[in-house]
Amino acid sequence: MKKTLAIIGFSTLLAACGSSSKTSSDDLATSNPIETVIDITKVSDDKVPVTINPGRFTVQTVTYRLPKVVQGTYSISDFGKYIDTFLAFDYSGNPMPTNKVDTNTWTIANAEQLDYVTYLVNDTFDQEEVGGIGGDVPFSPAGTNIEPNNYVLNLHGFIGYFESLKNSQYKLDVIAPTDLVRTSALQIADTKTSADGNVITSSYFAPRYFDITDNPMMYGKLDVEEFQVGDIKIVLSVYSPNGIHTAAAMKEAMQKMMLAQKTYLGDINSTPRYDIYVYLSEGKADSPKGFGALEHHTSTVVVMPESMPQSALDKSMIDIVSHEFFHIVTPLSVHSEDIHYFDYYEPTFSKHLWMYEGVTEYFATLFQVDQGLVSEDDFYKKIMDKIGAAKGMNDAMSFTIMSENVLDEPYSNQYYNVYQKGALIGMCLDILIREGSDGNRGILSLMKELSMKYGKNKPFDDDKIIDEIVAMTYPTLRTFFDNHVIGDVPIDYNVFFEKVGLEIGEGQVKTNYIQGNGALIVSANQGEGTIFFTENVLGNSFWKEQGAMPNDVIKSIDGTPVSLQNANKVFQDVFGWKEGQDINVVLNRDGKDIIIKTTLTPTYTKGNSLHAKANATDAQKELRNAWLKG
């Protein structure tokens, strides 16, 4: 899963990812596919009816479950919370007793007589309060939506499994109005149109329950674009409630980014089709609030604010979707038994989030400089941002222990560090491998070798993979793993930067227009309902040059009055400001209005920056070039 990405205004952007596979054992029903129906033509009170026909059982009691945890989210979702009116019926159409064992589990006695079960599904989007990991609802990209113009069908929120039949095939019928656009990562087998032409039933096939959870769908008033990345067809489906953004407008940035990714990955096998589902949140009380993405083998679900300017949305989408797409390397091709045999009810977790999320995030950062999408200075700034964020977490915590216990405190609130220190662990390993191979190998080549050895259908032994990596590479990695991944010794990044002729120094660093001295430059007066500049405004060169002062109240920005109610949206826009843009800001100081009407110039703040050493040796420069340009 990918989690927190950035803070824009007063909101935290979250991101997440998916995972791998699952097995079970006893085949206690007929070998026919489990027949499942989701009927969105019969939504009532914001609930969708679902029917599950498992075939004939040969045992006395069966257990049906909705997932407690889904792959890659590393948090409890409890999708059983959203199920109402769970009913079972026998072959004569008579109701059968059911027993709700816990939030996600029902048992049915006399199962030889069971014909089918039905229930109603509530969606999760409109029940969000905090909308993120650790909240009271699933992380938004793992959640569900039910509204007339949009249905986010993360199928793990609608379809459960009989404990004994997780390896059975599924036939899924989705019944929907004809005028809805439908996109699905799941294989479609057939379509039927009603006699009056108003309803289409789309039939899908899934080899097993894992494929139900791994293949999301989106139905509704969607905007869809397709493009090719090598031999991969990319399908971009966008739902923008107010039509602010379109798939066509997002296509260019996505295509450029994914072409660069495919070039960077080289011969790593992927998929003939990859779906990107984008839900843009209106920011209302019943809108999703957990921004980011959940990845699957051949798709990703993204939730972002609709209010973001196009340029800011493009930038965020590049960071988010590139991370998700790189998961085709790990954990989709390289993963442990905990992921391969994932238990949706009582999951165990691998020790190696440093690999699944950290290395993936590192690839999503490195490939951009490798492929010329960002400058070296921009790349260095991202690395410094991650160092700063990692030091704000518990920097003396074993990563393997944290990973294995990620659902529990004190480890769960450190999960965000997998995208910070986890990525930096990937960077250090990359530099060590480059050093040991005279620049000829890196962590990408290591992951390719592991992909060839294992692949999506063969898990590795969680307790042995570090030993394998050390055996495949160099002794310096053993020391690093023992000290900084298994152990709890903070990393001295200067040691690694020295190897590639870089150094950290204090000075002026480029920033955005809402931060100074590493913090937000605005705060809120709850009593008066106003937004004002803090002392940090003096640490932002642009605002200081404009004469802004601490405690200045921000009355309006580009004609929009600023209040507590709209501050999040307004400052998301400010976060996306670009040099050369004209702005008009009205401040109030001691009862007098101050107007700042000007054109944006670059803005700086004081901080640590990473830059090339003036006296770097040729060997250091060569290793740096191999590291950055592969």
Checklist entry - Does one side chain, of Thr605 or Thr511, offer a donor that lies under 3.5 Å from an acceptor on the other? => result no
Next on the checklist: Can you see whether Asn417 engages Gln414 through a side-chain donor-acceptor pair at a distance of less than 3.5 angstrom?
Outcome noted: no
Checklist entry - Does a sphere of radius 6.0 Å around NZ in Lys382 hold more than 12 heavy atoms from other residues, nucleotides or ligands, not counting ones at 6.0 Å or beyond? => result yes
Next on the checklist: For Lys47 and Asp123: C-alpha separation, side-chain torsions, deciding distance, then whether salt bridge (charged side-chain N to carboxylate O under 4.0 Å, His left out) applies.
Outcome noted: CA-CA 7 Å; Lys47 300 171 188 176; Asp123 62 336; over 6 Å; no
Item to check | Modelled atom types, side-chain donor and acceptor of Asp84 and Asn122, under 3.5 Å | outcome: yes
Next on the checklist: Under a 4.0 Å threshold between the charged nitrogen and the carboxylate oxygen, would Lys510 count as salt-bridged to Glu579?
Outcome noted: yes
Next on the checklist: Go through it in stages, so that I can follow the logic: the residues are Tyr74 and Ser403, the test is side-chain hydrogen bond (donor to acceptor under 3.5 Å, both in side chains), and I'd like the CA-CA distance, side-chain angles, deciding distance and then a yes or no.
Outcome noted: CA-CA 9 Å; Tyr74 307 105; Ser403 298; over 6 Å; no
Item to check | Residue Lys578 excluded, over 12 heavy atoms near NZ under 6.0 Å | outcome: yes
Checklist entry - How long is the span from the CG atom in Asp582 to the CH2 atom in Trp577, to the nearest 0.5 Å? => result 11.0 Å
Next on the checklist: Assess whether a salt bridge exists between Lys386 and Glu361, defined as any Lys/Arg side-chain N lying under 4.0 Å from an Asp/Glu carboxylate O.
Outcome noted: yes
Next on the checklist: For the backbone of Ala519 and the side chain of Asn536, can you confirm whether one donor and one acceptor N or O come within less than 3.5 Å of each other?
Outcome noted: no
Next on the checklist: Could you check whether Asp319 and Ser316, counting side-chain N and O atoms only, form a donor-acceptor pair closer than 3.5 Å?
Outcome noted: no
Checklist entry - At their closest point, which heavy atom of Ser184 faces which heavy atom of Asp275, and how far apart are they? => result O-OD1, 4.1 Å
Next on the checklist: Under 3.5 Å, is there a donor on one side chain and an acceptor on the other for Asn150 and Asn145?
Outcome noted: yes
Checklist entry - What are the two closest heavy atoms between Ala142 and Thr73, and how far apart are they? => result CB-CG2, 4.0 Å
Item to check | Side-chain H-bond candidate by donor/acceptor type, Glu306 with Asn242, under 3.5 Å | outcome: yes
Next on the checklist: A side-chain contact here means heavy atoms from C-beta on lying under 4.5 Å apart; do Phe571 and Asn566 qualify?
Outcome noted: no
Checklist entry - Is there a donor in the side chain of Asp377 and an acceptor in the side chain of Ser375, or the other way round, less than 3.5 Å apart? => result no
Checklist entry - Is it true that His156 and Phe79 have ring centroids separated by less than 6.0 Å? => result yes
Checklist outcome for this item: In this structure, CH2 of Trp543 is separated from CG of Leu538 (nearest 0.5 Å) by 13.0 Å
Item to check | Note, Phe533 side chain near Val522 side chain (heavy atom, < 4.5 Å) | outcome: yes
Checklist entry - Are Met402 and Val418 side-chain neighbours, meaning at least one heavy-atom pair lies under 4.5 Å? => result yes
Checklist entry - Distance only, no hydrogens: is a donor on one side chain within 3.5 Å (strictly under) of an acceptor on the other, for Glu376 and Tyr380? => result yes
Checklist entry - Are side-chain N/O atoms of Thr124 and Gln127 paired as donor and acceptor at under 3.5 Å? => result no
Item to check | Asp314 vs Met257 side-chain heavy atoms within contact, under 4.5 Å | outcome: no
Next on the checklist: I'd like to know if Glu128 pairs up with Lys289 as an ion pair, taking the criterion as any Lys NZ or Arg NE/NH1/NH2 lying under 4.0 Å from an Asp or Glu carboxylate oxygen.
Outcome noted: no
Item to check | Student check: side-chain heavy atoms of Phe399 and Ile425 closer than 4.5 Å | outcome: yes
Item to check | Audit row: Gln581, Thr599, side chain to side chain contact (heavy atoms under 4.5 Å, CB included) steps and yes/no | outcome: CA-CA 5 Å; Gln581 181 177 335; Thr599 300; over 6 Å; no
Checklist entry - Where do Leu180 and Arg182 come nearest, in terms of heavy atoms and distance? => result O-NH2, 2.8 Å
Checklist entry - Rounded to the nearest 0.5 Å, what separation is found between the CD atom of Gln261 and the CZ atom of Phe325? => result 6.0 Å
Checklist outcome for this item: Minimal heavy-atom distance between Thr298 and Ala185, with the atoms involved, is OG1-CB, 4.1 Å
Next on the checklist: Quick one: does any side-chain atom of Ser140 pair with a main-chain N or O of Gly290 as donor and acceptor, under 3.5 Å?
Outcome noted: yes
Next on the checklist: Could you check, using the six-membered ring where one of them is a Trp, whether Phe326 and Phe367 have ring centers closer than 6.0 angstrom?
Outcome noted: yes
Item to check | Over 12 foreign heavy atoms within 6.0 Å of NZ, Lys251 | outcome: yes
Item to check | Working for side chain to side chain contact (heavy atoms under 4.5 Å, CB included), residues Asp378 and Val369 | outcome: CA-CA 8 Å; Asp378 288 337; Val369 69; over 6 Å; no
Next on the checklist: Hydrogens and angles aside, do Asn104 and Asp78 bring a side-chain donor and acceptor to less than 3.5 Å of each other?
Outcome noted: yes
Next on the checklist: As a quick check of understanding, evaluate side chain to side chain contact (heavy atoms under 4.5 Å, CB included) for Val224 and Leu236, giving each step before the final call.
Outcome noted: CA-CA 6 Å; Val224 181; Leu236 174 63; over 6 Å; no
Checklist entry - Is there a side-chain contact between Leu280 and Ile244 (heavy atoms, below 4.5 Å)? => result no
Checklist entry - Hey, is the main chain of Ala249 close enough, under 3.5 Å, to the side chain of Thr246 for a donor-acceptor pair? => result yes
Checklist entry - What heavy-atom pair brings Leu332 and His296 nearest, and what distance separates the two atoms? => result CD1-O, 3.6 Å
Checklist entry - Between Phe575 and Tyr513, does the ring centre distance come in under 6.0 Å? => result no
Checklist entry - Would Asp573 and Lys569 pass as an ion pair if we require N to O under 4.0 Å? => result yes
Checklist outcome for this item: OG1 (Thr598) and CG (Leu600) are apart, to the nearest 0.5 Å, by 7.5 Å
Next on the checklist: Contact between Arg273 and Ile234 at the side-chain level, heavy atoms closer than 4.5 Å - yes or no?
Outcome noted: no
Item to check | Donor-acceptor contact below 3.5 Å, side chain Asp223 vs main chain Ala247 | outcome: yes
Item to check | Worked check of side chain to side chain contact (heavy atoms under 4.5 Å, CB included) between Thr144 and Tyr82 | outcome: CA-CA 10 Å; Thr144 58; Tyr82 306 98; over 6 Å; no
Next on the checklist: Would you call the rings of Phe125 and Tyr279 parallel, tilted or perpendicular, taking 30° and 60° as the class edges?
Outcome noted: perpendicular
Next on the checklist: Within the 3.5 Å criterion, strictly below it, is a donor on His245 or Gln310 matched to an acceptor on the partner's side chain?
Outcome noted: yes
Checklist entry - Given Tyr416 and Gln420, is the side-chain hydrogen bond (donor to acceptor under 3.5 Å, both in side chains) satisfied, shown in steps? => result CA-CA 7 Å; Tyr416 173 54; Gln420 312 306 321; 3.2 Å; yes
Checklist entry - Which atom pair, heavy atoms only, marks the closest approach of Thr360 to His323? => result CG2-O, 3.1 Å
Checklist entry - For Asp408, does the CG atom have more than 12 heavy-atom neighbours from other residues, nucleotides or ligands under 6.0 Å away? => result yes
Checklist entry - Between Pro288 and Ser281, is any pair of side-chain heavy atoms under 4.5 Å apart? => result yes
